[in-house]
Amino acid sequence: NAEYMGPVESNKKPTGKHNVLDILKDKFGAIAFSMQFAIMMCMGFYETTFALHLEGFNFGPAIIGLIFLIAPSASVTLSFLWGALLHKLPKLNPLYIQLSGQLIMFVGMMFQGPPNFLNLPGNLPVILSGTFVFGIGLGCSGVPYIESLYRVCFRRLAWEERIENTAVFSSLMTVTDAAGLFIGPLIAGPVVDTVGFPMGAILFGLILPLAVVINAIIICSHVGGTFTPISMARPEDEIPLLLSDNYPERNSSNKPDDD
């Protein structure tokens, strides 16, 4: 089964220099990257077209500003929940939570229009509900993405836990978000001009379930090699909720010999 992310590659010794391509060459690193890229493309669509859509409902600037606060507020407020879940269940593959977050985001985008075939009124409660669900999915995707990259770098690829190596996967996170927020609006404009925001949100949002289906098949079929289903996390009593310098293996490697 594909319950976990795979073991440390025992035949690969840690080396001093790494780059982003090392992460993308790993199956799970590529999956996490592709899902986050799809999420940020949809985020770019939302940020560039949603305000114009809301102006059609004769909402005032104060109401539009309030609506734009809903998604980030829901994302930030509930992000702790996803981090706590990964902390309490260290054997849980974070990619599963990331997949779930994408589907939740897609549901939220459906209600932000909403399109005519849903037979829902385009009023403030419906739009607020869709935006809130969109924000939940955003947080449900972002937190596991960080954990996925961490496990790929420091467990599967056996990198040393040093600041320069942490900077490598942090740079991948930045590149992913920037690329998605750049490409998303480029596509969003022509789509909305052609079919309008309600249907445009559905068509653009289909990127998310499509990515979920493709990556779920890859995860379950073990394309690119088989692996033993063991947890990549530390033993449960050694897993800190937040990253810190209190890792036993890190501190033990830096202690001087008693001799």
Side-chain angles (χ1 to χ4, degrees), residues 2-8 23 26 28-40 42-43 46 69-108 131-157 159 161-163 165-177 180-181 208 211-212 215-216 219 229-251:
E3 182 181 359
Y4 310 121
M5 249 182 158
V8 177
I23 305 175
D26 182 86
F28 292 106
I31 290 174
F33 167 81
S34 65
M35 289 193 293
Q36 184 68 9
F37 180 71
I39 290 167
M40 297 315 296
C42 291
M43 192 66 187
Y46 162 78
L69 286 176
I70 297 297
S73 298
S75 174
V76 171
T77 303
L78 296 177
S79 289
F80 179 80
L81 175 62
W82 315 122
L85 181 63
L86 289 169
H87 173 65
K88 294 296 183 181
L89 302 174
K91 294 183 179 180
L92 176 64
N93 191 331
L95 292 178
Y96 291 162
I97 304 179
Q98 199 173 352
L99 290 170
S100 302
Q102 287 191 285
L103 295 178
I104 295 173
M105 282 187 66
F106 177 63
V107 173
T131 306
F132 181 76
V133 173
F134 180 86
I136 294 175
L138 182 63
C140 185
S141 304
V143 175
Y145 176 56
I146 300 173
E147 178 68 12
S148 296
L149 291 186
Y150 179 85
R151 294 189 184 187
V152 167
C153 293
F154 300 114
R155 292 298 171 265
R156 284 181 61 81
L157 301 181
W159 290 8
E161 293 190 36
R162 301 188 303 183
I163 187 63
N165 291 336
T166 304
V168 172
F169 84 78
S170 297
S171 66
L172 178 59
M173 293 169 52
T174 303
V175 169
T176 307
D177 293 353
L181 291 174
L208 299 174
V212 167
N215 288 317
I219 293 172
I230 63 174
S231 173
M232 294 193 359
R234 300 177 179 82
E236 188 171 1
D237 59 343
E238 296 180 2
I239 300 180
L241 190 58
L242 300 175
L243 294 178
S244 67
D245 292 328
N246 296 324
Y247 295 145
E249 62 266 37
R250 178 186 292 177
N251 291 339

Checklist entry - Which residues satisfy the side chain to side chain contact (heavy atoms under 4.5 Å, CB included) test with L69, sequence neighbours excluded? => result S73

Checklist entry - When rounded to the nearest 0.5 angstrom, what is the spacing between CE in M173 and CD1 in I23? => result 10.5 Å

Only distances under 3.5 Å count here; give the side-chain donor-acceptor pairs of residues 31-38 to other protein atoms, sequence neighbours excluded, each with its distance to 0.1 Å.
unit_1, atom_1, unit_2, atom_2, d
S34, OG, A30, O, 3.3
S34, OG, I31, O, 2.8
S34, OG, N215, ND2, 3.3
Q36, NE2, D177, OD1, 3.4

Checklist entry - Between CD1 of I104 and OG of S141, what distance do you get to the nearest 0.5 Å? => result 7.5 Å

Checklist entry - What are the two closest heavy atoms between G137 and M105, and how far apart are they? => result C-CG, 3.3 Å

Checklist entry - Taking all atoms of both residues into account, what is the closest heavy-atom pair of P144 and G139, and its distance? => result CD-O, 4.1 Å

Next on the checklist: Going by the rule side chain to side chain contact (heavy atoms under 4.5 Å, CB included), which residues pair with L81 if we only count those two or more places apart in sequence or in a different chain?
Outcome noted: none

Checklist outcome for this item: Nearest heavy-atom contact between V152 and G29 is CG2-N, 3.7 Å

Item to check | CG on L86 to CD1 on I146, rounded to 0.5 Å | outcome: 10.5 Å

Item to check | Between CZ on residue R156 and CG on residue D26, distance to nearest 0.5 Å | outcome: 4.0 Å

Next on the checklist: Are the side chains of W159 and V168 in contact, using a 4.5 Å heavy-atom criterion?
Outcome noted: yes

Next on the checklist: Checking V107 now: which residues fulfil side chain to side chain contact (heavy atoms under 4.5 Å, CB included) with it, not counting sequence neighbours?
Outcome noted: F111, V133

Next on the checklist: Working to the nearest 0.5 angstrom, can you tell me the gap between L149 CG and L172 CG?
Outcome noted: 5.5 Å

Checklist outcome for this item: Of all heavy-atom pairs linking F134 and C42, the shortest is CZ-O, 4.4 Å

Next on the checklist: Using a 3.5 Å distance criterion without hydrogens, assess whether the side chain of S79 forms a donor-acceptor pair with backbone atoms of S75.
Outcome noted: yes

Checklist entry - Nearest 0.5 Å, what's the NE2-CG distance between H87 and L92? => result 13.5 Å

Checklist outcome for this item: Across all chains, not counting sequence neighbours, the side chain to side chain contact (heavy atoms under 4.5 Å, CB included) partners of L78 are W82, I136

Checklist entry - Under the side-chain hydrogen bond (donor to acceptor under 3.5 Å, both in side chains) test, which residues partner T176, sequence neighbours left out? => result Y145

